[in-house]
Amino acid sequence: MSPFGEGPREQAIDPQIPIVDPHHHLWVLTEARLGEIERGESVFARGLAPIFRGRPRYTIEELLADLRSGHDVRATVAVEAGATGSMYRARGPEELRSVGEVEYITGAAAMAASGMFGDLDVAAGIVGNVELRSGEASAEVLEAHIRAGGGRYRGVRSSICWDGDQSILGAGQPHVTREPGFRAGFALLEPLGLCYDAFVFEPQIPDVIDLARDFPRTQIVLEHVGTPLGVAAYAGRREERFPIWRENMELLADCENVAVKLGGLASPVSGLSYLAEPPPDSERLAAEWRPYIETAIELFGAERCMFESDFPVGLGAGPYTVVWNAFKRLSRSASPAERDALFAGTATRVYRLER
């Protein structure tokens, strides 16, 4: 397998289109942590292990190499990578340890802001990991994250993924978003001007619908078009599950406080091309992703959709240039205004970035 930048060598399509990449990670993984990940028993852990092994360091240097690979990326949003535990504080209260990751990302943002690496606003927005099930006690952690973000902190993502087939992710709790503690913590976001990035699996979209309806003033961003499943108990069931996904996405689209990230389909749980051999080109990726991405744009409108790289996890599809070429192929029928929204405008508005 060659998930680490090898694969089809493509020139950037439509390189003049400005891009705000609203979803990437930064991490540094020790050998001990890599071993823990590789010993994971779930489909998700086993699937991600080659990415982590191939990119144990994904720092500003590696990120910039991808951002400069041909497309006109102007700014990014860095999203927590809680599964790695990278840069969490080693000391202090457990609930505040995730502040260390925000501090690290803010340091990378400061490096980019120095101008030494060019005119590219890395981590113009930051999404951190806060355990909202702590209820009102989450306020202390949120405030610490905001301080650590140095004016760049924009939202929260927490661990709510779960499926009845525990071979996919492992143990977890169903319907976390419906727990009173989570709801009390979630209620703190809107007054602080923070959004919520919802990383769920496709069968959990009804939980996001309930959350969006109950908190209509809180901005929610559904990641990875709801993460369709195509492995384990869901293998070979795409034709059955797609209409269910579409119906739930249609209900979610009625919630005006929800936006959607278009990407993340190069996932170990999607059943689509992931670490494929030979690696797919952008035409193949566009064909595989088209049903989900075109449906999401149809339901939510371009002004509530944003393309995302999900790098370096997105390496499961191929190099950065190839992934964005696939998005550009998928948006060829869009108007200039729609393309501007999909590639930069929606992310800029939702994460309150300067352009």
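Side chains are part of it too, since the values below use all heavy atoms of this structure and drop only hydrogens, waters and symmetry mates.
Residues P279 and E277 form a side-chain contact, since some pair of their non-hydrogen atoms from C-beta on lies under 4.5 Å apart. The side-chain heavy atoms of D210 and R178, taken from C-beta on, include a pair separated by under 4.5 Å. A 4.5 Å side-chain heavy-atom check between R238 and L272 finds at least one atom pair inside the cut-off. The closest side-chain heavy-atom distance from V77 to H23 is not below 4.5 Å. At a threshold of 4.5 Å between non-hydrogen side-chain atoms, the residues V79 and R157 count as touching. Counting only heavy atoms from C-beta outward, the side chains of L188 and S138 approach each other to under 4.5 Å. Contact of the M306 side chain with the L262 side chain is not registered, since no non-hydrogen atoms from C-beta on lie closer than 4.5 Å. In this structure, the side chains of I297 and L342 come closer than 4.5 Å at one or more pairs of heavy atoms.
Panel note: side chain N257, backbone T218; a donor-acceptor pair is recorded below 3.5 Å. Remark: side-chain polar atoms of S114 are paired, donor with acceptor, to backbone N or O of M111 under 3.5 angstrom. Here the side chain of R349 pairs a donor or acceptor atom with the backbone of E303 at under 3.5 angstrom. Put simply, the side chain of E140 never gets that close to the backbone of A137: no donor and acceptor are under 3.5 Å apart. With T30 contributing its side chain and R33 its backbone, the two residues share a donor-acceptor pair below 3.5 Å. Using modelled atom types, one side-chain atom of T321 and one backbone atom of S69 make a donor-acceptor pair closer than 3.5 Å. Panel note: side chain Q204, backbone I160; a donor-acceptor pair is recorded below 3.5 Å. The closest donor-acceptor contact from the side chain of R304 to the backbone of A253 lies under 3.5 Å. Put simply, the side chain of Y88 never gets that close to the backbone of A90: no donor and acceptor are under 3.5 Å apart. Formation of a donor-acceptor pair under 3.5 Å by the S42 side chain with backbone atoms of A45 is found in this model.
Between R89 and E101, no side-chain nitrogen of the basic residue sits less than 4.0 Å from a carboxylate oxygen of the acidic one, so the salt-bridge criterion is not met. For D310 and K261, the salt-bridge test fails: no basic side-chain N is under 4.0 Å from an acidic carboxylate O. A salt bridge links E31 and R53; the closest N-O separation between the charged side-chain nitrogens and carboxylate oxygens is under 4.0 Å. Ion pairing between a basic and an acidic side chain is recognised when a charged N comes within 4.0 Å of a carboxylate O; D14 and R332 show no such pairing. Using a 4.0 Å cut-off between a side-chain N of Lys or Arg and a carboxylate O of Asp or Glu, E298 and R246 qualify as a salt bridge. The pair R39-E36 does not count as a salt bridge, with every side-chain nitrogen at least 4.0 angstrom from each carboxylate oxygen. A salt bridge does not link D121 with R74: every distance from a Lys NZ or Arg NE/NH1/NH2 to an Asp or Glu carboxylate oxygen is 4.0 Å or more.
Judged purely by distance below 3.5 Å, without hydrogens or angles, the side chains of S273 and E288 pair a donor atom with an acceptor atom. Side-chain N/O atoms of Y196 and S158 include a donor and acceptor closer than 3.5 Å. Looking only at atom types and distance, the side chain of T59 has a donor-acceptor partner in the side chain of E62 under 3.5 Å away. At a cut-off of 3.5 Å, with distance as the only test, no side-chain donor of D165 or Y234 sits close to an acceptor on the other residue. Under the 3.5 Å distance criterion, with hydrogens and angles disregarded, no donor-acceptor pair is assigned to the side chains of S98 and N129. Donor-acceptor pairing under 3.5 Å is recorded for the side chains of H24 and T76. Side-chain contact annotation: E10 with N325, donor-acceptor N/O pair under 3.5 Å present.
A perpendicular orientation is assigned to the rings of H224 and F199, their planes being inclined by more than 60° (bins at 30° and 60°).
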Walk me through it: do L142 and L192 pass the test side-chain contact (heavy atoms from CB on, under 4.5 Å)? CA-CA 9 Å; L142 290 168; L192 292 171; 4.0 Å; yes
Where do W27 and M87 land on the side-chain contact (heavy atoms from CB on, under 4.5 Å) test, with the steps shown first? CA-CA 7 Å; W27 63 53; M87 298 302 175; over 6 Å; no
Using the rule given for side-chain contact (heavy atoms from CB on, under 4.5 Å), can you reason through T227 versus E202, listing the C-alpha separation, both sets of side-chain angles and the distance that settles it, and then say yes or no? CA-CA 5 Å; T227 314; E202 172 259 306; 5.9 Å; no
Using the side-chain contact (heavy atoms from CB on, under 4.5 Å) rule, take V258 and V221 through it: C-alpha gap first, then chi angles, then the decisive distance, then the call. CA-CA 6 Å; V258 179; V221 182; over 6 Å; no
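When all heavy atoms of V208 and A198 are compared, the closest pair comes out as CG2-CB, 4.3 Å. Considering every non-hydrogen atom in both D21 and S309, the closest pair reads OD2-OG, 2.6 Å. Here the shortest heavy-atom pairing between T346 and A302 reads OG1-O, 3.0 Å.
Checked against side-chain contact (heavy atoms from CB on, under 4.5 Å), E179 has the following partners two or more places apart in sequence or in another chain: R133, Q173, V176, F182. Here R213 pairs with nothing under the side chain to side chain donor-acceptor pair (under 3.5 Å) rule; sequence neighbours left out.
The distance between the ring centers of W289 and Y292 does not fall below 6.0 angstrom. If you look at H25 and Y58, their ring centroids are not closer than 6.0 Å.
Within a 6.0 Å sphere centred on CD of E240, other residues, nucleotides and ligands contribute more than 12 heavy atoms. Other residues, nucleotides and ligands place no more than 12 heavy atoms under 6.0 Å from the CD atom of E41.
Screening F343, F307, Y320 for a ring-ring contact (aromatic ring centres under 6.0 Å, His included) with F327, the sole residue that qualifies is F307.
With hydrophobic clusters built from ILVMFWY side chains whose heavy atoms lie under 4.5 angstrom apart, L275 shares a cluster with L315.
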